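A short write-up of the structure that comes next.
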Amino acid sequence: MAVTTPPYTSDALAEGTVDAVVIGGGAAGLNGALILARSRRSVVVIDSGSPRNAPAKAVHGLLALDGTPPPEILRRGREQVRQYGGRVVFGEVVSAEPAAPSADGDLRFTVTLADGRRIIARRILVATGLTDVLPQVPGLAEHWGHSVVHCPYCHGWEVRDEPIGILATGPASIGHAYLFRQLTEDLTYFTHGTDLDEDSRARFAARGIRVIDTPVTEVVNDTDGALAGVRLAEGQVVARRVVAVAAPMQARTQGLEGLGLPVRDLPNMGRGFASGTAGTTEVPGVWVAGNATDLVAQVGASAAAGALAGADINRMLAIADTDAALQGIAEGSPQGATG
């Protein structure tokens with residue numbers, strides 16, 4: 001599910017070696033870049049322009065910014081990064097890989113864009129986000145982010161008291177149902193070929209959650225194009241105004257294979273990059289932040305993770321700068337920082 005954001009002015013790609021390249025222009029990437037730029041680091045954000053939350057009308061659950069449209073948050077973020085000298089470049093990364101180190105042994109990476117442009121960076125922050133893998137049910141994708149939702153905290157208040165259907169994708173959908181039951185008394189659980197044990201059925205019955213085992217074949221619209229229900233394999237249409245889907249989530253890894261970043265499978269959730277404290281990875285010089293590693297992070301948590309990663313990158317660069325200065329003195333050629 002990739003939806004592009006409105007076009008905006010792209011900065012020129014920086015020449016020479018930059019302190020950091022941030023791959024991904026969402027909340028995590030922009031906040032990481034903001035921390036780095038405010039630390040007087042040269043930083044370039046590469047933004048493909050297809051954030052996960054682009055279909056949504058507003059971001060919710062984000063203190064002081066609740067109800068703000070996603071494009072507006074990104075617009076402000078780009079503006080603030082640029083205010084401190086950072087650059088935001090519209091483009092798609094097709095490869096990122098280690099390069100020969102500098103003369104003093106500092107790390108280097110080459111990042112190549114789809115149009116052939118290249119940039120050399122000392123460090124990389126991967127903040128590419130993820131893709132929601134929706135069930136192959138006709139009509140489902142066209143309502144994604146509106147009447148087809150995934151997160152009760154992101155969209156729940158807006159769909160409260162509506163007739164909601166849970167389209168099961170696996171065990172995670174059971175917990176999903178309890179959360180959406182908090183928001184409506186009219187909840188139907190479509191097993192859609194997944195297993196539902198007797199204990200869960202009893203618990204659903206206790207909460208007044210209806211269970212339908214017949215597979216769903218399509219989403220049905222009303223005459224105005226709004227979601228009106230789902231059609232079952234036997235032909236019956238069950239009226240629903242909202243469908244909630246705990247869709248598997250996959251980190252966006254395209255073009256990053258050359259970095260050799262380890263990935264991990266998260267049971268009942270999906271797959272993301274493995275990371276440690278402050279977004280560190282097993283690959284020296286590469287950090288990850290946001291949904292690319294934390295699949296369930298909302299906008300605020302992703303931004304916070306980006307800030308932590310940006311601060312850690314700056315810390316490691318400061319150490320590298322000091323090492324280079326000491327090496328320069330030892331070689332009789334004082335040098336204030338790595339070139």
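The residues of the chain are indexed from 1 along the displayed sequence. Everything numeric here is computed off the predicted structure, so don't read it as measured data.
A side chain to side chain contact (heavy atoms under 4.5 Å, CB included) with Arg271 holds for exactly one of Asp265, Thr253, Val133, Leu130; it is Asp265. For the side chain to side chain donor-acceptor pair (under 3.5 Å) test with Arg123, the passing option among Asp106, Asp312, Asp19, Asn314 is Asp106; the others fail.
Connection of Val286 to Val18 is established within a shared hydrophobic cluster, with ILVMFWY side chains joined at heavy-atom distances below 4.5 Å, either directly or through further cluster members. Cluster annotation: Val283 and Leu308 are assigned to distinct hydrophobic clusters (Ile/Leu/Val/Met/Phe/Trp/Tyr, side-chain heavy-atom contacts under 4.5 Å, transitive). Cluster membership check: Leu30 shares its hydrophobic cluster with Ile313, using side-chain heavy-atom separations under 4.5 Å among Ile, Leu, Val, Met, Phe, Trp and Tyr. Note on Val111: it clusters hydrophobically with Val89, by side-chain heavy-atom contacts below 4.5 Å among ILVMFWY residues. Linking ILVMFWY side-chain heavy atoms closer than 4.5 Å, directly or via other members, places Leu36 and Ile46 in two distinct hydrophobic clusters.
Looking at Val126 and Leu259, their side chains come closer than 4.5 Å, going by heavy atoms from C-beta outward. Two residues are said to be in side-chain contact when any heavy atoms from C-beta on lie closer than 4.5 Å; Pro135 and Val245 meet this criterion. Arg87 is not listed as a side-chain neighbour of Val43, based on a closest heavy-atom distance of 4.5 Å or more. Arg264 has its side chain within reach of Leu266: a pair of non-hydrogen atoms, C-beta onward, lies under 4.5 Å apart. Looking at Phe190 and Val238, their side chains come closer than 4.5 Å, going by heavy atoms from C-beta outward. Between Ile174 and Tyr189, some side-chain heavy-atom pair lies under the 4.5 Å cut-off. Under the 4.5 Å side-chain criterion, counting only non-hydrogen atoms from C-beta, Phe180 is in contact with Val149. Counting only heavy atoms from C-beta outward, the side chains of Thr184 and Pro163 never approach each other to under 4.5 Å.
Heavy-atom contacts from other residues, nucleotides or ligands closer than 6.0 Å to CD of Glu257 number more than 12. The local environment of CG in Asp195 is sparse, with at most 12 non-hydrogen atoms from other residues, nucleotides or ligands closer than 6.0 Å. At most 12 non-hydrogen atoms from other residues, nucleotides or ligands lie less than 6.0 angstrom from CZ of Arg203. Within 6.0 Å of CZ in Arg241 there are more than 12 heavy atoms belonging to other residues, nucleotides or ligands. Under a cut-off of 6.0 angstrom, the local environment of CD in Glu234 is crowded, with over 12 non-hydrogen atoms contributed by other residues, nucleotides or ligands.
Between the CZ atom of Arg38 and the CD atom of Gln80 there is a distance of 10.0 Å, given to the nearest 0.5 Å. Expressed to the nearest 0.5 Å, how far CD of Glu97 lies from CD1 of Ile124 amounts to 9.5 Å. Separation of atoms CG (Leu167) and CG (Leu134) is listed at 9.5 Å; rounding is to 0.5 Å. Once rounded to the nearest 0.5 Å, the distance linking OG1 of Thr277 with CH2 of Trp287 reads 12.5 Å. Atom CD1 of Ile23 sits about 10.5 Å away from atom OG of Ser48, to the nearest 0.5 Å. Taking CD1 from Ile73 and CG from Leu62, the interatomic distance works out to 5.5 Å, rounded to the nearest 0.5 Å.
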Step-by-step salt bridge (charged side-chain N to carboxylate O under 4.0 Å, His left out) determination, Arg75 to Glu72: CA-CA 5 Å; Arg75 184 195 67 77; Glu72 175 61 15; 2.7 Å; yes
Begin from the C-alpha positions of Val230 and Val243 and carry the test side chain to side chain contact (heavy atoms under 4.5 Å, CB included) through to its verdict. CA-CA 9 Å; Val230 298; Val243 174; 4.0 Å; yes
Checking salt bridge (charged side-chain N to carboxylate O under 4.0 Å, His left out) for the pair Arg201/Asp213: CA distance, chi angles, key distance, verdict? CA-CA 11 Å; Arg201 289 176 185 269; Asp213 292 306; 3.0 Å; yes
I would like to know whether Leu227 and Val242 meet side chain to side chain contact (heavy atoms under 4.5 Å, CB included); could you show each step before the answer? CA-CA 7 Å; Leu227 194 153; Val242 176; over 6 Å; no
Between Val288 and Leu261, is a side chain to side chain contact (heavy atoms under 4.5 Å, CB included) present by the stated rule, with each step listed? CA-CA 9 Å; Val288 295; Leu261 291 171; 4.2 Å; yes
Derivation of the side chain to side chain contact (heavy atoms under 4.5 Å, CB included) call for Val237 and Arg231: CA-CA 4 Å; Val237 174; Arg231 189 183 306 279; 3.4 Å; yes
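Within the 3.5 Å criterion, the main-chain N or O of Arg252 finds a donor-acceptor partner in the side chain of Thr128. No side-chain donor-acceptor contact under 3.5 Å links Asp224 to the backbone of Ala226. Using modelled atom types, one side-chain atom of His146 and one backbone atom of Pro55 make a donor-acceptor pair closer than 3.5 Å. At least one donor-acceptor pair under 3.5 Å links the side chain of Thr169 to the backbone N or O of Ala246. In this structure, the side chain of Thr293 engages the main chain of Phe273 through a donor-acceptor pair within 3.5 Å. Ser200 contributes no side-chain N or O that, together with a main-chain N or O of Leu196, makes up a donor-acceptor pair within less than 3.5 Å.
For the pair Arg240 and Asp186, the salt-bridge criterion is met [side-chain N within less than 4.0 Å of a carboxylate O]. With salt bridges taken as basic N to acidic carboxylate O contacts below 4.0 Å, none links Arg78 and Asp11.
Of all heavy-atom pairs spanning Leu74 and Pro51, the tightest one is CD1-CG, 3.9 Å. Closest approach of Leu256 to Ala96, counting heavy atoms only: CD2-CB, 4.2 Å. Residues Ile166 and Ser173 approach most closely at CG2-O, 4.1 Å, considering heavy atoms. Heavy-atom minimum distance, Val81 versus Ala37: O-CB, 4.2 Å. Cys151 and Gln298 get closest at one heavy-atom pair: SG-NE2, 4.4 Å. In terms of heavy-atom proximity, Ala307 sits nearest to Asn31 at CB-ND2, 3.5 Å.
For the residue pair Asn221 and His143, a side-chain donor N or O sits within less than 3.5 Å of a side-chain acceptor on the partner. For the residue pair Gln83 and Glu79, no side-chain donor N or O sits within less than 3.5 Å of a side-chain acceptor on the partner. Between the side chains of Arg40 and Tyr84, not a single donor N or O lies within less than 3.5 Å of an accepting N or O.
In this structure, His155 has its ring center closer than 6.0 angstrom to the ring center of His150.
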